[in-house]
A.B. asks: 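Handing you a structure now.
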Protein chains: 2
Amino acid sequence: MGISKSEEFSVKDNRVSKVAKALSHPARVAILRLLHSKKTCVCGFIVDELPLSQSTVSQHLKELKASGLIKGEIEGPRTCYCIDEKDWEAAKNYLNDFFEAKSENTKGCC
Amino acid sequence: MGISKSEEFSVKDNRVSKVAKALSHPARVAILRLLHSKKTCVCGFIVDELPLSQSTVSQHLKELKASGLIKGEIEGPRTCYCIDEKDWEAAKNYLNDFFEAKSENTKGCC
DNA sequence: GATATTTATCGTAATATTGCGATAATATTT
DNA sequence: AAATATTATCGCAATATTACGATAAATATC
């Protein structure tokens, strides 16, 4: 069907998958790396750094904004995109918790 | 086009996005949580735990195997799926490095 | 106010993902 | 060998994603 039954999974699993989805394309990873390294900020410069058209970059920025990882502020004719530090930390923790989660009871196999 | 220009991005960014893609669906997160918590192992039990059909779960398992995060060993009529601990650690580190990456030179804005 | 600059959005096309039922493939049990 | 159990794969349909050019929208500059 193509529609994902996300309602049927736990809040925790949805949180992890939502963050992961934002990071699931190399362009978005690259954008976040640029923004987080504080090398740039303005959309136009991001476009210069990536092998994608302006409209495509703009679309990725929109998705990242929707995921909550970045904010965009209009500054004159430009838009300044920045990491939302709180959400960045939260995302980091969601993934970290996921990877750290262990259990006492071990199953026999493996 | 729907085709992603991943070749044009860095190895690092592709590594992160590949792991993230594996985690980008709550069902796969749930499966990995089950396997990593060592509560189960066999495909059939995973099917019982998820609100998805057997064929759909099998497909998610295939994707996770392709991502390298899990291994599957045939045991009689069953298949025993397990976390690949080395790749699990590697994936964790890729994401952690990504989230930790900082820079000295700060830009003016934000 | 006309022009240039910058970014967002629209429309479109190609491909990918998600999901399921049906069926095949494999191994065990009777 | 027939029946059963378990998992993988195929075929299909619905939806999502990725990408780009064209164009609109907003602001700055001349």
Side-chain angles (χ1 to χ4, degrees), chain A residues 1-9 13-14 17-31 34-35 40-67 70-82 109, chain B residues 1-9 13-14 17-31 34-35 40-67 70-82 109:
Chain A
M1 307 202 166
I3 193 167
S4 135
K5 301 169 96 177
S6 47
E7 335 75 44
E8 310 217 30
F9 294 92
D13 291 344
N14 271 295
S17 68
K18 202 183 158 195
V19 172
K21 195 163 196 176
L23 301 181
S24 71
H25 192 289
R28 290 194 290 274
V29 174
I31 290 171
L34 280 170
L35 294 181
T40 186
C41 174
V42 175
C43 173
F45 190 76
I46 298 171
V47 172
D48 292 342
E49 295 284 312
L50 300 184
L52 297 171
S53 74
Q54 182 268 323
S55 60
T56 304
V57 171
S58 195
Q59 208 174 318
H60 281 303
L61 285 166
K62 192 181 173 183
E63 278 175 68
L64 286 172
K65 222 164 82 177
S67 82
I70 69 173
K71 303 180 277 194
E73 273 178 52
I74 296 168
E75 288 194 353
R78 304 163 222 281
T79 307
C80 172
Y81 284 101
C82 300
C109 62
Chain B
M1 309 202 164
I3 193 166
S4 134
K5 303 170 94 176
S6 48
E7 336 76 45
E8 309 216 31
F9 294 91
D13 290 344
N14 271 296
S17 67
K18 201 182 159 196
V19 172
K21 195 163 194 175
L23 302 181
S24 70
H25 193 290
R28 291 194 290 274
V29 174
I31 290 171
L34 279 170
L35 293 181
T40 186
C41 174
V42 175
C43 173
F45 189 75
I46 298 171
V47 173
D48 292 342
E49 294 284 313
L50 300 183
L52 297 171
S53 74
Q54 184 269 322
S55 60
T56 303
V57 171
S58 194
Q59 209 174 318
H60 282 303
L61 285 166
K62 191 180 176 186
E63 279 175 69
L64 286 171
K65 220 163 85 176
S67 81
I70 69 173
K71 303 180 279 196
E73 273 178 52
I74 296 167
E75 287 194 353
R78 304 164 222 280
T79 306
C80 173
Y81 284 101
C82 300
C109 62

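Lettering of chains follows the sequences in order, A, B, ..., and the numbering in each one begins at 1.
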A.B. asks: Tell me whether B/R28 contacts the main-chain N or O of B/A22 through its side chain, where contact means a donor paired with an acceptor under 3.5 Å.
C.D. replies: yes
A.B. asks: Just how far, in rounded Å, is C1' of C/dT7 from CD of A/E73?
C.D. replies: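 Whole-Å distance recorded here is 15 Å.
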A.B. asks: Specify the separation, in whole Å, of atom CG of A/L64 and atom C1' of D/dT18.
C.D. replies: 14 Å
A.B. asks: Would you please name every residue forming a side chain to side chain donor-acceptor pair (under 3.5 Å) with A/N14, sequence neighbours left out?
C.D. replies: none
A.B. asks: Between A/K21 and A/L61, just flag the one whose closest nucleotide in DNA chain C comes earlier from the 5' side.
C.D. replies: A/L61
A.B. asks: Quick one: label B/T79 by what it contacts on the DNA or RNA (base, sugar-phosphate, nothing), any heavy atom closer than 4.0 Å.
C.D. replies: sugar-phosphate
A.B. asks: How long is the line joining CD1 of B/I70 and C1' of D/dT7, in whole Å?
C.D. replies: 13 Å
A.B. asks: What's the closest nucleotide to the A/H25 side chain, out of C/dT18, D/dC20, D/dA19?
C.D. replies: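 Out of C/dT18, D/dC20, D/dA19, the nucleotide with an atom closest to A/H25's side chain is D/dA19.
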A.B. asks: Would you say a side-chain N or O of B/T56 is under 4.0 Å from OP1 or OP2 of C/dG19?
C.D. replies: no
A.B. asks: If you check every side-chain atom of B/E63, which of C/dG19, D/dT7, C/dT18 has the closest atom?
C.D. replies: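 So the nucleotide nearest the side chain must be C/dT18.
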A.B. asks: When the ring planes of A/H25 and B/F9 are compared, do they come out parallel, tilted or perpendicular, using 30° and 60° as the limits?
C.D. replies: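 Perpendicular: the ring planes of A/H25 and B/F9 meet at over 60°.
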A.B. asks: Is A/C41 disulfide-linked to A/C80, taking SG-SG under 2.5 Å as the test?
C.D. replies: yes
A.B. asks: Rounded to the nearest angstrom, tell me the gap between atom CD in B/Q59 and atom C1' in C/dA16.
C.D. replies: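 B/Q59 atom CD is separated from C/dA16 atom C1' by 11 Å.
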A.B. asks: Return no unless some side-chain N or O of A/S58 is found under 4.0 Å from OP1 or OP2 of C/dA8.
C.D. replies: yes
A.B. asks: Could you check how far CG of B/L50 sits from C1' of C/dG19, rounded to whole Å?
C.D. replies: 13 Å
A.B. asks: Expressed in angstrom and rounded to an integer, what is the separation of B/R28 atom CZ from C/dG19 atom P?
C.D. replies: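 The distance from CZ of B/R28 to P of C/dG19 comes to 9 Å, rounded to the nearest Å.
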A.B. asks: Is the closest side-chain heavy-atom distance between A/H60 and A/E63 below 4.5 Å?
C.D. replies: yes
A.B. asks: Scan nucleotides 22-27 of chain C against the protein and return all N/O pairs shorter than 3.5 Å with their distances rounded to 0.1 Å.
C.D. replies:
none

A.B. asks: Would you tell me if any nitrogen or oxygen in the side chain of B/H60 comes within less than 4.0 Å of OP1 or OP2 on C/dG19?
C.D. replies: yes
A.B. asks: How close or far is atom P of C/dT7 from atom NZ of A/K65, stated in whole angstroms?
C.D. replies: 12 Å
A.B. asks: Classify the nucleic acid contact of A/V47 as base, sugar-phosphate or nothing, counting any heavy atom under 4.0 Å across all strands shown.
C.D. replies: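 Touches nothing.
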A.B. asks: Would you say B/R78 reaches D/dT7's phosphate, i.e. side-chain N/O to OP1/OP2 under 4.0 Å?
C.D. replies: no
A.B. asks: Heavy atoms only: give me the nearest B/I31-B/I46 pair and the separation to one decimal.
C.D. replies: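 So the two residues come closest at CG1-CG2, 3.8 Å.
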A.B. asks: Can a side chain N or O of A/Y81 be found less than 4.0 Å away from OP1 or OP2 on C/dA8?
C.D. replies: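 Affirmative; the distance criterion is met.
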A.B. asks: I need the NZ-C1' distance between B/K62 and D/dT7, as an integer number of Å.
C.D. replies: 12 Å
A.B. asks: Could you grab the distance from atom OG1 of A/T79 to atom CG of A/L61, nearest 0.5 Å is fine?
C.D. replies: 9.0 Å
A.B. asks: Mind checking what makes side chain to side chain contact (heavy atoms under 4.5 Å, CB included) contact with B/S58, not counting sequence neighbours?
C.D. replies: B/Q54
